[in-house]
Asks: 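Could you have a look at this structure, given as structure tokens, before my questions?
Here is the naming used below: chain letters follow the sequence lines, and residue numbers restart at 1 for every chain.
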2 protein chains.
Amino acid sequence: MATQPPSADTEKESDVEQQNADVCTVVGAVEEVGSKWKLVILNDLRDGEKRFNELKRSTGASSYTLSRVLDGLEENGFIDNRKELESPVASYYILTEKGSALCPVFDALDEWGADWLESTGE
Amino acid sequence: MATQPPSADTEKESDVEQQNADVCTVVGAVEEVGSKWKLVILNDLRDGEKRFNELKRSTGASSYTLSRVLDGLEENGFIDNRKELESPVASYYILTEKGSALCPVFDALDEWGADWLESTGE
DNA sequence: CGGCATCCTTGGAGATACTG
DNA sequence: CAGTATCTCCAAGGATGCCG
């Protein structure tokens with residue numbers, strides 16, 4: 001794939017631009033959910049609906065971080081937020097279709113981890 | 001593992017410690033390969049052996065970053081480095097077993113991306 | 001060609017405190 | 001309980017330059 005015409009004289013590092021933006025869907029996927037917390041939180045929501053503080057406990061994220069990541073995930077359509085204004089307010093987070101579609105990824109990750117994480121001597 | 005006794009009066013955010021370190025293998029896996037470049041590079045190496053500059057082109061990472069991530073990946077046993085001291089030096093990177101074992105993850109990621117990335121309107 | 005040393009900018013993320 | 005607002009810190013990562 002001669003994607004790089006060698007004719008380019010100004011072949012600086014800054015010239016790569018965004019040619020890697022859509023190399024393949026994996027890259028795109030990574031760009032969207034490639035951060036630690038996003039993965040951790042989404043994986044945590046596989047169990048089903050969870051509350052803010054539940055997630056805080058299970059993931060270990062701070063309120064600040066959790067709030068932000070949750071916000072981002074909702075914006076990108078990975079999760080859905082349902083608020084109940086009853087007693088002292090309760091908001092539940094749950095995976096959307098888009099988010100649930102990531103389950104195979106987590107399964108694969110889980111399987112890999114089971115196979116290699118232990119023997120690596122963390 | 002009741003690491004968090006609800007009876008704790010000093011329930012500060014800093015008390016969570018590492019109870020999330022081994023919640024499940026997914027978290028562990030994410031800790032190891034949860035960064036953008038690691039995923040991107042590993043995915044790129046699925047095609048087979050590649051040279052430094054090949055990776056630089058295809059991933060769009062700078063030499064500095066690439067070098068570092070590659071180094072980390074090698075340390076963790078994901079990839080293998082073969083250097084040929086011929087003419088102007090050539091080093092090839094290739095996935096190890098451990099690294100190849102991640103392929104299912106990338107496949108899942110790829111499939112997900114194909115399904116959802118386009119319709120999301122990047 | 002491969003890749004390390006340096007500088008510098010950004011944002012991810014924790015601590016803490018405060019509000020509805 | 002569920003956030004939001006700040007402040008701060010540090011690592012990730014890009015740009016450049018240089019060297020084997």
Asks: Enter the distance from A:Glu111:CD to B:Leu102:CG here, rounded to the nearest 0.5 Å.
Replies: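 The CD atom of A:Glu111 sits 11.5 Å away from the CG atom of B:Leu102.
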Asks: Is there a donor in the side chain of B:Asp80 and an acceptor in the side chain of B:Thr96, or the other way round, less than 3.5 Å apart?
Replies: no
Asks: Please state how far atom CD in A:Glu31 lies from atom P in C:dG11, giving the value in whole angstrom units.
Replies: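 For the pair A:Glu31 CD and C:dG11 P, the rounded distance is 14 Å.
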Asks: Side-chain N or O of B:Ser67 less than 4.0 angstrom from OP1 or OP2 on C:dC4?
Replies: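 The answer is yes; a side-chain N or O of B:Ser67 sits under 4.0 Å from OP1 or OP2.
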Asks: OP1 or OP2 of D:dG3 less than 4.0 angstrom from a side-chain nitrogen or oxygen of A:Tyr93, does that happen here?
Replies: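 Answer is yes, contact under 4.0 Å.
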Asks: Return the value, rounded to whole Å, for the distance between atom CG of B:Asp71 and atom C1' of C:dA5.
Replies: 14 Å
Asks: Quick one: B:Tyr64 OH to D:dA12 P, roughly how many Å, whole number?
Replies: 9 Å
Asks: In whole angstrom, what separates B:Lys83's NZ from C:dC4's P?
Replies: 7 Å
Asks: Taking only the side-chain heavy atoms of A:Ser62 (C-beta and beyond), determine which of D:dC1, C:dG14, C:dG2 contains the nearest atom.
Replies: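 The answer is C:dG14, which lies nearest to the side chain.
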Asks: Specify the closest pair of heavy atoms between B:Lys98 and B:Gly77, including all atoms of both residues, with the distance to one decimal.
Replies: CB-O, 3.4 Å
Asks: With respect to the side chain of B:Phe52, which nucleotide from D:dG14, C:dG3, C:dC1 is positioned closest?
Replies: C:dG3
Asks: Could you state the CG-P distance from B:Leu73 to C:dG3, rounded to the nearest angstrom?
Replies: 13 Å
Asks: Looking at the side chain of A:Ser91, which of D:dG3, C:dT6, C:dG2 is the nearest nucleotide?
Replies: D:dG3
Asks: Can you tell me the distance, in whole Å, between the CZ atom of A:Arg82 and the P atom of D:dG3?
Replies: 13 Å
Asks: Tell me whether the OP1 or OP2 atom of D:dA2 has a side-chain N or O from A:Arg51 closer than 4.0 Å.
Replies: yes
Asks: Report the distance from atom CZ of A:Arg68 to atom P of C:dT10, rounded to the nearest whole Å.
Replies: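 Result: 16 Å.
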Asks: Kindly say if B:Ser63 contacts the phosphate of C:dC4, meaning a side-chain N or O under 4.0 Å from OP1 or OP2.
Replies: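 It does not, given that no N or O in the side chain of B:Ser63 lies less than 4.0 Å from OP1 or OP2 of C:dC4.
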Asks: Ignoring backbone atoms, test whether A:Thr65 places a side-chain nitrogen or oxygen under 4.0 Å from the OP1 or OP2 oxygen of C:dA13.
Replies: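 Checking C:dA13 against A:Thr65, no side-chain N or O comes under 4.0 Å of OP1 or OP2.
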Asks: Taking the six-membered ring for Trp, are the ring centroids of B:Phe78 and A:Trp112 within less than 6.0 Å of each other?
Replies: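 Ring centres of A:Trp112 and B:Phe78 closer than 6.0 Å.
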Asks: Would you say a side-chain N or O of A:Trp37 is under 4.0 Å from OP1 or OP2 of C:dG12?
Replies: no
Asks: Could you give the CG-to-P distance, from A:Asn81 to D:dC1, as a whole number of Å?
Replies: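 So the two atoms are 17 Å apart, to the nearest Å.
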Asks: For a quick check under 3.5 Å, do A:Asp44 and A:Ser58 share a side-chain donor-acceptor pair by atom type?
Replies: yes
Asks: Any side-chain N or O of A:Lys56 under 4.0 Å from OP1/OP2 of D:dG3?
Replies: no
Asks: Considering heavy-atom distances to DNA chain C, does B:Glu54 or A:Ser35 have its closest nucleotide positioned more toward the 5' end?
Replies: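 Its nucleotide being nearer the 5' end, the pick is B:Glu54.
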